[in-house]
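Below: one structure, written as structure tokens.
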Amino acid sequence: EPDPVRQVELLEALGAIGPGAAEAVPVVASRPPPPADALLCLGGIGPAAGNSAPAIRRYLAEPDPDVRLAAAYALARVGGDRGPYRGALE
């Protein structure tokens, strides 16, 4: 079983790489919960992770405000219309 601490460290590293980590987007976008770390990673990758926007949007309705905030951050960074998810921050 993967070490959760190592998984978070890997996601942080991929997010820090930014667009250069675009090849990892399909794997990161399909991560099982908890998704906040994966969402922050996708946001760090930025527009190169734009194709993950539909997967990110589904987390805007999560009950956990940290997950909603991470999803809003990720969507703002990957691009797209910001209007529909402003409510996630409330």
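Everything quoted here is computed from the prediction, not taken from an experiment.
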request  = Find the distance between CZ (Arg77) and SG (Cys41) and round it off to the nearest 0.5 Å.
outcome  = 11.5 Å
With sequence neighbours excluded, residues passing salt bridge (Lys or Arg N to Asp or Glu O under 4.0 Å) with Glu12 = none
key: Nearest atoms (heavy-atom pairs only) where Leu60 meets Arg68   = O-CD, 3.1 Å
ask   = Asp66: what forms a side-chain contact (heavy atoms from CB on, under 4.5 Å) with it, not counting sequence neighbours?
value = Asp64
task = Measure across Pro26 and Ala22 and return the closest heavy-atom pair with its distance rounded to 0.1 Å.
result = CD-O, 4.1 Å
request  = Would you mind reporting whether Tyr73 and Leu39 have side-chain heavy atoms less than 4.5 Å apart?
outcome  = no
query = Val78 versus Ile45: any side-chain heavy-atom pair under 4.5 Å?
reply = no
ask   = Distance-only, no hydrogens or angles: does the Arg58 side chain make a donor-acceptor pair with backbone N or O of Ala55 under 3.5 Å?
value = yes
task = Provide the closest heavy-atom pair for Leu14 versus Ala21 in the form atom of the first, atom of the second, distance.
result = O-CB, 3.5 Å
query = Does the side chain of Gln7 reach to within under 4.5 Å of the side chain of Asp37, using non-hydrogen atoms?
reply = no
task = State, to 0.1 Å, how close Ile56 and Ala71 come at their nearest heavy-atom pair, and which atoms those are.
result = CG2-O, 3.5 Å
message = Looking at every non-hydrogen atom in both residues, tell me the closest pair between Val25 and Ala48 and how far apart they are.
response = CG2-O, 4.2 Å
